[in-house]
Structure formats: structure tokens, C-alpha cells
Amino acid sequence: MFFKQVRRNAAKNRKGNGLFFGSLVISIVAFYTLLSLGEQDVMRYLATVESDAVRKLMMLLPVVYMVSLFFVFFLVYFACRYQTDRRRRELGMYLMLGMRRSRLFFMLFCETLWSSLLSLLIGLPIALFLTEGISLATAKVVGIGIIGHRFSLSPYGLLWTVCGFVLVQLLSMAIICARLAKTQPADLFGSGDTKKQTVMSATASTLFFAAGLLLLLIAYYLGIAQMRTLRLSVLLSLVACGILGTFLLYRGLGGFLGARIRRKSPGALGLQTFTARQVQENVLSQHQSLAVSSLLLLMALACISYGISMGFGRSDDSRSVDFSLFDEEQQIDAILEKDDIRGMVKDAYPLYLSMVKDDYYFGGEKTFDTQKLADALRTIDGSDNMIENLHLEYIIAESSYNRILKNIGKEELHLEGKQAALCSSLARDGDFGTILEGALKKGVSIGIDGKDYGILPTLYYHNVVADRAITLYMALIVPDDLYQTLARNQEPYCRNLSLSDEVVESMGLMQAVQKMNSLLTASGIEYDSFLGGIGRNLFYTVAASYLTIYLGILFWLIANTVIGLNYLISQRQTKGRYETLAILGADTDSMCRSVKKQIGIYFSLVLCVALVSSAAAIYTMFTSFTKLPLGASISTVAALSAAALAFFGAVEAVYIYIVKRTAVREIKDSAAEQRDL
Amino acid sequence: MNIKNEILQVESLTKVYGKGNNRTMALNSITFHVLEGEFLGIMGASGSGKTTLLNCIATMRKPTSGKVILRGKDISGFCGKDLAGYRGQEIGYLFQEFELLDNLTARENITLPLALHGVTEKKAEPRIQEIASLLDISDVLEKFPAQMSGGQKQRVAAARALISDPDIILADEPTGSLDSKNSKILMDKLSAVNKEQHKTIMMVTHDANAASYCSRILFIQDGQIFHELRRNVQMESTKDFYRRIVTVMAQLGGGSANVL
């Protein structure tokens, strides 16, 4: 009998509240997706080439899991609270019929466990399906093709998903039961403690609002204008101003809305004043939740943008040279003549890269005159460090660099007369490339042997060898005849090798590189491969983009659920008002319209602040610590950002629609109940 | 008092709750008429059907059969827009628990029925001032319910019921949540509204004191009108009428055999 009751109650809960059940399923999917990361194709692949880095990431996962657990707890707690709030009268009735509190709580716990079981039965298959999808999609996005995709079930992920989920559910229920234990049955029969309209003085609320706005503006200023320096003090002040500003803004918003209502109410018609007062009441009583939700949305947007730029911005700039062979010319030639190797090679060419002769070296008699470059750099902020370290010791022959450009389908260099170009593999990230390119755009020349060589305004950044670990701080690309004059070593630095496009297409890049790897290893030649470089690069791409997008989506869902459920709880608590309105002559349609408008405004209040703040945050991010790589296609990133924003808008719209539908259904049910009695 | 025509006719009104064996007849074919400007009281024991009667007239409950005719229109069949138009415009309702909206000021609560029917607060300002001074609530117009006493809340609720100048005011135990001092103030004010503004009031009450302000009282038992008391307003003081009410109540308590 008892368990039949439990099952029946749980079924009623699920039917009556899809939002609640949906939240549970989402939390399961979130947990499993994170915990099964180690089983994903990309991670399995990376573990073979960068086992140390992957091990470090796997050590980080429990921390992210704990953070998720903490936030998901809020999601589940609000969902459970909303659920029990709906059933106050029923719970009061059980108590009045003589059910002991302990038994009532036991019943609630059993219902929770039963719901958990069903949520797991639905959520886990969805999670499995999703992780498989993500696994395939990530593999494609990062350009490794499908390297023997296999269905993966992570027992570790499953175990911790179930444990975490049940723990969070039971903990939420325990807190709710503790609250219920203090509530008298008579209070349970009421519609819950509606918050009295607190009246804050106009001056106080204006002060809070103005202070909040000011602090937010300071935070935006710090982000946009001061974060380039990346000083810890600036970062801490920014975070403090941002958080405090958001809280104060919402604290004062209620009074601000009140003043607006007073101004508008003499001309208001229908339920306008009521609608506005409902929103104001929610803002007054829930300003902390609003601030938290807004900050969560800000974090979500920032994380997702960061994830997208990391994941997509890097993907197409990574490959310029597949292999670099270091050996005697004849030996290399002999190896390249082998049939199985020759069939896979598109191009093989010597790379002429050398240090300059002693005379031209730093401190020598004929050191390159970089005064004009230093002057141009001086006009750009943040270049002090660069001017101090300005030295040019490496040169590359134009023909070699052109082969690299040709192989990746870029336009070749045409150095005419006294021209040269600058190349730096540091230019991909951070301010270095932007500052240097900024200086080049101003028209710079470098003096060599008393003659001025004009530097092309474009900064070149492609890797000149296969191993990305080798970086060129700054090198001068010079015409081949000048190279011969300046180079200390006239022999090629190495022989670069590019894989044939057909082979890459048919086998997938990774498999092609792996095959060539094994052939070269078998021949005993000394070489560097794109694989070693890409492993690390890929690892950071995947780790950064995956984890930040994951956290972003999690924050986003939680923020939305907290806003939605908070509104629905308050509507339930003020249910009696709608009955009064009906008696005063409000028809059901106008009440439903009012409710929809309230939800729209309520969500907008959170979204507006979050969107403005995140615009500032994203701008700050891309102008300070995160740079879009130079090679990243701006149009691709912009299109992706637009698509992500559209997706964000669409999901928000769906969420708002679900909350509206739930709220309207409650109003309609209540109206029908009243009338049909 | 200005008694002219019939304003409300209740014809064979029946309300049955439940189905099959669980049927309870709350109203059993009740018929009575209310005259314009009358102050009618409805009294009866708990479960006698008096609140159901008031709720059927207020369109808060749908009658099982019978008619409620207000100024010649059968309102029991109203739905949708007609129903919303009727509520708040043609009737004013006064609740035992005031039912003010906590998050609206007194002024906003009072003007809500007007706003619902397309009249702005600005337009109604003279009327608001008139009613507020009649009910002595001018000082609390800008306050929220949480900042008012029970008596003030009920007078604000009364102002809300009166603001759209309805044909009839229905009051369900309006003194039920007030102390005796505030009950007297409220009844004096309602009586003044009845006399000075010639408003028809129909009030359900348990309280003989409150009922003594009425000009006629219907006693209900088991869903039927059981007895009627009329007061000679010119000749009989509220005190004398009160005594008669108490006598009837005592006799009702002893069963139908003892009734006059």
C-alpha cells in the first residue's frame, strides 16, 4: 500500500511538472558527459601521444565534477522545492490524518528515489547517445577524422553519475524535509508564506541602483581598458566590482521599478499595474537569485564563447609542414625514392633556415639596424618588453618559405628589390603578433649592410618545421641571393615533407601521419613529425574547448532553471490573487497574458544585464588573455558566434515558452476549478 | 432608504455538490427578490447554504439549475467576456479575509476593477477621493496592505467594491476577521453607503450585531429559506432589531418546532 502510494505520487509529480523531471534528466546527462570524457575518441587518441597531459586532465576532472555537483545541487534543490510546494496541502493532510513526520519524510525520500531511478533510466541512454555524438563531432572538428570510432560505455562514468545524482537528490530532499519539519500543519494548508511587499525608501533603492550601475561600469572599464596588462590587482578589482555591482543593481531595481509603476499607474489600464507590481515583488524578494542567475548566465556566455574560439579558431591553422627530416642529403633522397613513401608524398623540399654570419650577429660589426622597427613599436602600447628583446639572428630563404605557403594553398611571397618579410611562430597567440603586425603596418625598414630593406606589412607565422615545439622568435625572410650572403650555414636546415592530399583524404590525416611515421621509423632516419606537435596542440584545444563549453552549458541550464522555478514557486504562492482578480472582473485570457508578460519581463531583467556584461567580458577576453590566432578566419568565428548566439536565443525562447505554458496552465486549471465547483 | 424596484430576482436556485450517492443539496430551489436600495442580510447555521447562495449570485459558483436575474438579465448563464464585465462592474464583492492584493497599494487595489474595465486611475480620481473620505481611508491610499490595520484593510476592500458604482454589493461575513470596534466602524460605513448612496447590499453573516444594520434578513436552513425578518426602519432601532434577531437565532437553534 505504502509503496503503491509512493509510485502513484511520483507518477503524479512527473506528469504535473515536466520542468522538474526535465531538470533531473539534464543533470544526469551533464554528469555522464563529463565523467565519460576519458572514453571519448579524441581522448583515447591523445592518451597514446600525450599520455602525461591527458593524465593531468583526468586528474582535473574530479574537480570539475565537484563544481558541477555543487551547481546541479541548486538546480535539483529548486526543482524539488517547487515540487513539494505544489503539494503543501496534501502533505498537511497526511499529517492531520495522523501520519508521523518521520513516515512522511520516508515517503518523500522513497518518492525521490523512485523518481531518480526513472530519471536515470531515461537520462542515461540520452547521455550515452549524446556523448557518442560529441565524440564523433569533436573528432571531426579537430581534424583527426574518424580514427576507428568505437562505442564506448564508461563504467566509471556510470557509477559516479548515479552516485552524484542520487546524492544531490537526497541532499535536496533532506534540506526540504528539514524546512517542512518546522512548518505547522495549518501553515501547510495555506498557499505558503507570501512575502509582504517590503517598502524600501526611494533614496535607499536609488543609492543601491546607482552604486550597482557605477560598479558595473567600473568593471567594464577595467576589463576593456586595463586588462591588457593582466595584473592580478586589476583582475581582482574587476571581479569584485562586477559581482558586487550586479548584486547592488538588483537590490535597487525593485525600488526603481516601484517609482516607475507610481509614475505610470494613473494612466494604466487592465492588469498593467498588477503585472508590474508582480514583477517588482519578485525582484524585491528574489534579488539575490536574480543576481546569481545573471552572473551564471554571464559565466555561461563567456565560457561558451571561449570554448568556441578555442575549438574552432585554431582548427585550420595547425598544419603547414607534415614531416621534417634531418639527415644526409643522399640518405634522405634514398628514402624518398622508396615506393611506399613516394606514393604518400606531395612535396619534399630543403628548408634554408640559418643563423646570420658572426659579423651580422648581435654585437657584431654589421648587426641589422632595427631602429626603425623599434621606433614603430614604440608607438604601440605594451611593446616595451619587445623593444628590449628586439634581435634578428635568423634568416629564411624566400624560396623555402614559398614552398611552405604553396603547400598549404596560400599566396606566395614576391620580394622585389630591397624587400624582406618578418616571420615569427610566436605570432599565433597573445599580443605579440598583434603588436608586431601593428608596427609593420606603419611601414618599417631594416638596415642590412647600410642598405634599407622595406619589410612587407604582413607578418608571417607559419611553422617552418614539423615540430611545433621549435619556435622562431623572429626571423627575416630574405631573397635567396641575400640569404647566401648572410647565412652562416649554406646547407639546408632540414628537408620538409608534405603528405599527398589524396592520401590524407582517403585515410584521414591522423592515420596518414601515423603510417608515414612508422615507415620513417623503420628506415632509421632522424625526423620530426606533425604528430608530436599536434598532440599537444590538440590536447589544449580539446581540453579547453570541451571543458569550457561543458561548464558554460551547465551554468546556462542552471541559471534558466533557477529563474523559471523561482517564478513558478512565487506564482504558486500568490495563486489566491488570481482568484481575487477573477472576482474583480479579470477574464482568464487577460490573466494569462499578464502571467506571460511577467515571465517575459522577469527573464529579460536577468538576460539584459547578463548580455551587456558578457559583451564586455567577451571583448575583454579577446583583447587580453585570449587572442584569436592570426590564421583563424574571422568570418568563420563570426559565423560560429552568430550561430551560437542564435542557438542561445532559440533555447532561451524555448525555455521561456515552457515556463509560460506551465504558468498559464496553472491559471487556467485554477479558473476552471473555481467555476466548476 | 429608497426602495423602488426589484433589482435582483433569484428563481428556483438549486446547487448540488457531488455525484451519485455523494450528492449534497446545498441550495434547494430557493426563490426570493431583492429590492433596489435594500440592505439584505442572509443568516443561517454553518452548512446551511448561505455562502453558496452568495457565490452563485456573484458567479463564483455555477448553479445546478434556476436563475439569477440582475436588472432583467439572467447572469447564471454568463461566461467569458459577459462574465468578466458583470464581475467588478455590476457587482462589488466584500470578502471575510479582505482579499486585497498584498503587492498593490490601497489606491491601486481600489482602482483595479476600474482599470480592468477600461477606466484609468486619473479619470477616476474624484470618485476615489469621494469614497476614500466616506470610508475614512484617505490617509492610507499610498500604503501597502501590510502597513494597514485589519479595519483599514476591510474599508479599502469596501472602497474597491464600491468604486465602479455597482448595482449591488455582495458581502461574505465582512466583519468575520475584525474586532468589535472595527466591526462597528465598518457596519456604520456600509450603512451610510446604503443610506446616502442608495446602494443595494446583500450580506451573509453569523453576527447578529452586524445583521441588525440590515433592513431585512432571510434565515436559511438546509438550502431553503426558512424564515424572514423585516425591520421597520423608521420605528425600530438597531438595538430592538438585534433583540429580535437573537430571539430567532435562539429558536432556530432549538429546531423548527419552536419557530414563531
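On a predicted model such as this, the values are computed, not experimentally measured, just so you know. Naming: A, B, ... by sequence-line order, numbering from 1 per chain.
- Under the rule for a salt bridge (charged side-chain N to carboxylate O under 4.0 Å, His left out), the partners of B:E130 that lie at least two apart in sequence or sit in another chain are B:R127.
- Chain A forms more heavy-atom pairs under 4.5 Å with one residue of B:K143, B:E121, B:E99, B:K123 than with any other, namely B:E121.
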- Item | Intermediate values then yes/no, ring-ring contact (aromatic ring centres under 6.0 Å, His included), A:F208 and A:F247 | CA-CA 9 Å; A:F208 277 123; A:F247 272 92; over 10 Å; no

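- The closest donor-acceptor contact from the side chain of B:N109 to the backbone of B:L101 lies under 3.5 Å.
- Looking at B:E125, neither its backbone nor its side chain comes within 4.5 Å of chain A, counting heavy atoms on both sides.
- A:Y567 and A:Q278 share no donor-acceptor pair across their side chains, judged by distance under 3.5 Å alone.
- Both the backbone and the side chain of A:A586 have a heavy atom closer than 4.5 Å to some heavy atom of chain B.
- For A:A276, no part lies under 4.5 angstrom from a heavy atom of chain B.
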